[in-house]
Amino acid sequence: NDPPLASAAQTPCKVEALFAHIFRQSLATYARSPLTRHVPCPIEADCGPALRQAHTLGWRVFYLPQGGQLRSGEALGSPDAPVALVTPGTLTLTSAPSVHGLLVANHAHINASDGGAARIRGAAVSCSSHRQGGHSELAHDADTLTRLREITQAYHPVPGSWRDAP
């Protein structure tokens, strides 16, 4: 519950408005960028293998037009090569995937029903709903986000939206 982000997202939340506030560009512009890799997974399919393959080829910025799932225990991104996963739909993490980077979704479900142990290092931003359960871990990591911003030049931190404890 962050006041600058809440006011940007509007009520009811509009993922496009929230995205534009964080990335300083429209969701459509982000999706059309030559730096963005489209991964059109069917909503019920595991997008992990396609995302990991693209990451191995050097892609760091991803757009999942229908949403997607990460269902395996494999890592996506790393401290030195973090990823941005963006969808106007639902992003679901089950089992125990490890993600270094930024997740942006209208709905984020992280081990909400399977009791898994997903790990996210960076940040997760959801507009309409965020459900998290199991033994999952979401840790804000400013260094990971800084590396992602340097790699992609695609987003800007919202002033006052996060403060690390001293």
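Taking CD1 of Ile120 as the start and OG of Ser98 as the end, the distance is 9.0 Å to the nearest 0.5 Å. If you take CG on Leu93 and CD on Gln132, they are separated by 9.5 Å, rounding to the nearest 0.5 Å. The CG atom of Asp143 sits 12.5 Å away from the CG atom of Leu148 when rounded to the nearest 0.5 Å. Rounding to the nearest 0.5 Å places OG of Ser128 at 10.0 Å from NZ of Lys14. Distance check: Cys127 SG to His130 NE2 gives 13.5 Å after rounding to the nearest 0.5 Å. In this structure, the separation between CG on Leu70 and OG on Ser95 is 10.5 Å, given to the nearest 0.5 Å.
A donor-acceptor distance shorter than 3.5 angstrom exists from the side chain of Thr56 to the backbone of Arg52, with no hydrogens or angles considered. For Thr87 (side chain) and Leu64 (main-chain N/O), a donor-acceptor pair under 3.5 Å exists by modelled atom type. The backbone N or O of Phe62 sits less than 3.5 Å from a side-chain atom of Tyr30, completing a donor-acceptor pair.
Scanning for side-chain contact (heavy atoms from CB on, under 4.5 Å) contacts around Glu137 gives Arg119, Arg121, Ala139, with sequence neighbours left out. For His38, the ring-ring contact (aromatic ring centres under 6.0 Å, His included) criterion is met by Tyr63, not counting sequence neighbours.
Cluster annotation: Val15 and Val39 are assigned to distinct hydrophobic clusters (Ile/Leu/Val/Met/Phe/Trp/Tyr, side-chain heavy-atom contacts under 4.5 Å, transitive). Residues Leu138 and Val83 share a single hydrophobic cluster, defined by chaining ILVMFWY side chains whose heavy atoms lie under 4.5 Å apart. Linking Ile, Leu, Val, Met, Phe, Trp and Tyr whenever their side-chain heavy atoms come within less than 4.5 Å puts Ile110 and Leu85 in one cluster.
Under the 30°/60° scheme for interplanar angles, the aromatic rings of Phe19 and Phe23 are found to lie parallel.
For the 3.5 Å distance criterion, the side chains of Thr144 and His100 fail to qualify, holding no donor opposite an acceptor. No donor-acceptor contact under 3.5 angstrom links the side chains of Gln53 and His55, judged on distance only. Under 3.5 Å, the side chains of Arg71 and Thr92 contain no donor-acceptor pair of N or O atoms.
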